[in-house]
Protein chains: 2
Amino acid sequence: MTGVTLADVAKRAGVSTATVSMVLCNKGRISSSTRERVLKALDELGYVYNQTAANLRNRSSNQVGLLLHDITNPFYGEMTAGLSHEVERHDRLLLLANSEESAERQQKFVDSLMRNNVCGMVLCAARETPQSFFDSLKRRNIPAIMVVRPLSDPDFDFVGTDNFLGAQVATEHLLKLGHRRIAFIGGSQNSGSRAQRIGGFTSKLLEYGITPHSEWILTSQASQSDGARVAQALLTQNPLITAAVCYQDIVALGVMQTLRKLGREPGRDFALVGFDDITEAGLVQPALTTVSVAAKEIGRKAGELLFSRIQGNDEPVKRIILPPALVVRESCGFR
Amino acid sequence: MTGVTLADVAKRAGVSTATVSMVLCNKGRISSSTRERVLKALDELGYVYNQTAANLRNRSSNQVGLLLHDITNPFYGEMTAGLSHEVERHDRLLLLANSEESAERQQKFVDSLMRNNVCGMVLCAARETPQSFFDSLKRRNIPAIMVVRPLSDPDFDFVGTDNFLGAQVATEHLLKLGHRRIAFIGGSQNSGSRAQRIGGFTSKLLEYGITPHSEWILTSQASQSDGARVAQALLTQNPLITAAVCYQDIVALGVMQTLRKLGREPGRDFALVGFDDITEAGLVQPALTTVSVAAKEIGRKAGELLFSRIQGNDEPVKRIILPPALVVRESCGFR
DNA sequence: TTGTATGCGTTATCAT
DNA sequence: ATGATAACGCATACAA
């Protein structure tokens, strides 16, 4: 802190603080001669604007918050980049908080963001978020956009991807290739995204006159090893299964491992579709066919919506659902 | 903004604002009876502390800035998580800015962070950062820690990894496995980290009596596809090369692709070591042997040092160099 | 132990 | 076109 204030500059330029302030904000009409003088004084003194004071006086803030549960996940890294870009475009600053999936820390962060007067926030809530969390958010009445995880609370704007449709597209792809015995592998029991994907999966099966087997729908951790583990049991007991939709790409990678262990070659003896289009998907052999959910775009759209809310847009609650895209590679057969 | 202030609470509780303030900060001695009353009023009114006002009054701030050039890069995601954790431990908030490698935007961000009065910052400066950037930072005299990219400006604290040693360890690993024709793939021409890694690479070759071929040292973008591209030319023209140290894991992943395209199986016909130990490294097949630079730890250490500076530690400039660790997986052969 | 009064650096209202 | 001054919400020195 250099400590140079408006008053110092004013004295130096031989004007009032009001004048300096107006020069800084380009408000009011000031003769170009005094403007010159002020500008010169500003420069000579190495003045640095005190946003904190301005925020207090204006009862506003130039900061928005982003609450994530795992910044380490490349998907959220992408999303953050998209949002960050939008935030910059609006000359705001981004406050980042990482709940690491703890409801307690999440609440702490949001409280902190509120104390810091953020003008809005983007949230990907932890899985076990209590209703009280959303309530406290509403009470303060600060613009907040939920992202990625569906069904947080219907009163909030939401930006995410169409899990249902994504799973439908993935499933139909397998169906059209002639597969009839298809499993769904991965995701945790209490995941809303997973519920939607399973919905897309089963609905499409039914559309083709196929009754979904609930024993062919497996949960797993979000890791390759656990994907491999759960697939092992399923595929040894049900060798007639010829394809699977996986909840995540990483799970699909695990399934690939298991297939090879069982002497079956993915892409030839078995068809596999993943979800997320992570980098590795294009890398493995055979390259993984997957549903892409455009993480960066989610961030960008969330920012766009947030700023429109900040600027007073009071249309009814919005749900922006980005269309997923099937990225066809090699894991369902080469042609 | 609910708009409830200290004064409102004070009135309600029948005390002065000073008392309320003291209750909030746990300062001064206040009878437990009035404390009760204040706490009750606080709660009833749904008071929310105004950090902005406090910051102004205290001539301080509870925010630290983090300037990155690519939040999308998993390495920086990890680092951010480490720093974020440390920031939380100190009850501060983290302002994130993404320069996308533009010196101009970077300067804009830092100016903005300064106007917002951050109490400190962690910086991974853009590659083409002009000296004026560092000068403006020094002028304001705000604690700043440089990370990852070496040699920014000797007057700043630095936290990074030992690139030289890391590359030596990686190279020696290949050498001990019997490889004698080893390439170095990746990194951009003007990268300081890369220069250090090449130093480790060549010095170790020389130690084993091998003369480094400059044509076997390639630059590439930090992407899988470019890694694949540059490897293609090298490996078709020099089929006798049996191993490579890659500047980054992502580049190594690209090289894997190329190898397969050329009918060579990584881990069997060719040995590969990466750098960074990103999540994908453990996921691909064969899993990538790599030099871990403990991204999270860099973030944590940077935070630790930053807060010690903020608290007044005025020891001479520090350079914290974290030891790299070779993570042996499968890409140099299974055993 | 608690209250009074002042100032942090800015902006906006009202004069001039 | 510009100046004086009163907030913004809080913390603290000092008084009581």
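Residue numbers begin at 1 in each chain, while the letters A, B, ... track the order of the sequences.
For the pair Thr19(A) and Gln51(B), both in contact range of DNA chain D, the more 5′-proximal nearest nucleotide belongs to Thr19(A).
The side chain of Lys27(A) places no N or O atom within less than 4.0 Å of a non-bridging phosphate oxygen (OP1 or OP2) of dT11(C). Between dC10(D) and Ser21(B), no contact under 4.0 Å exists linking OP1 or OP2 to a side-chain N or O. Distances shown here put a side-chain N or O of Thr34(A) below 4.0 Å from the OP1 or OP2 atom of dT2(D).
With dA12(C), dT1(C), dT4(C) as the choices, the nucleotide that has an atom nearest any side-chain atom of Asn58(A) turns out to be dA12(C). Taking the side chain of Leu56(B) as heavy atoms from C-beta on, and the options dC10(D), dT12(D), dC8(C), the nearest nucleotide is dC8(C).
Counting any heavy atom pair closer than 4.0 Å across all strands shown, Thr52(A) reaches no nucleic acid atom. Counting any heavy atom pair closer than 4.0 Å across all strands shown, Ala54(B) reaches sugar-phosphate atoms only and no base atom. Among the heavy atoms of the strands lying under 4.0 Å from Leu6(A) is at least one base atom, whether or not backbone atoms are also near. If you check every strand for non-hydrogen atoms under 4.0 Å, Ile30(A) touches sugar and phosphate atoms only.
Using a 30° and 60° split on the angle between ring planes, Phe156(B) and Phe134(B) fall in the tilted class, from 30° to 60°.
Checked by distance alone, Arg57(A) brings no side-chain donor or acceptor within 3.5 Å of a matching partner on the base of dA12(C).
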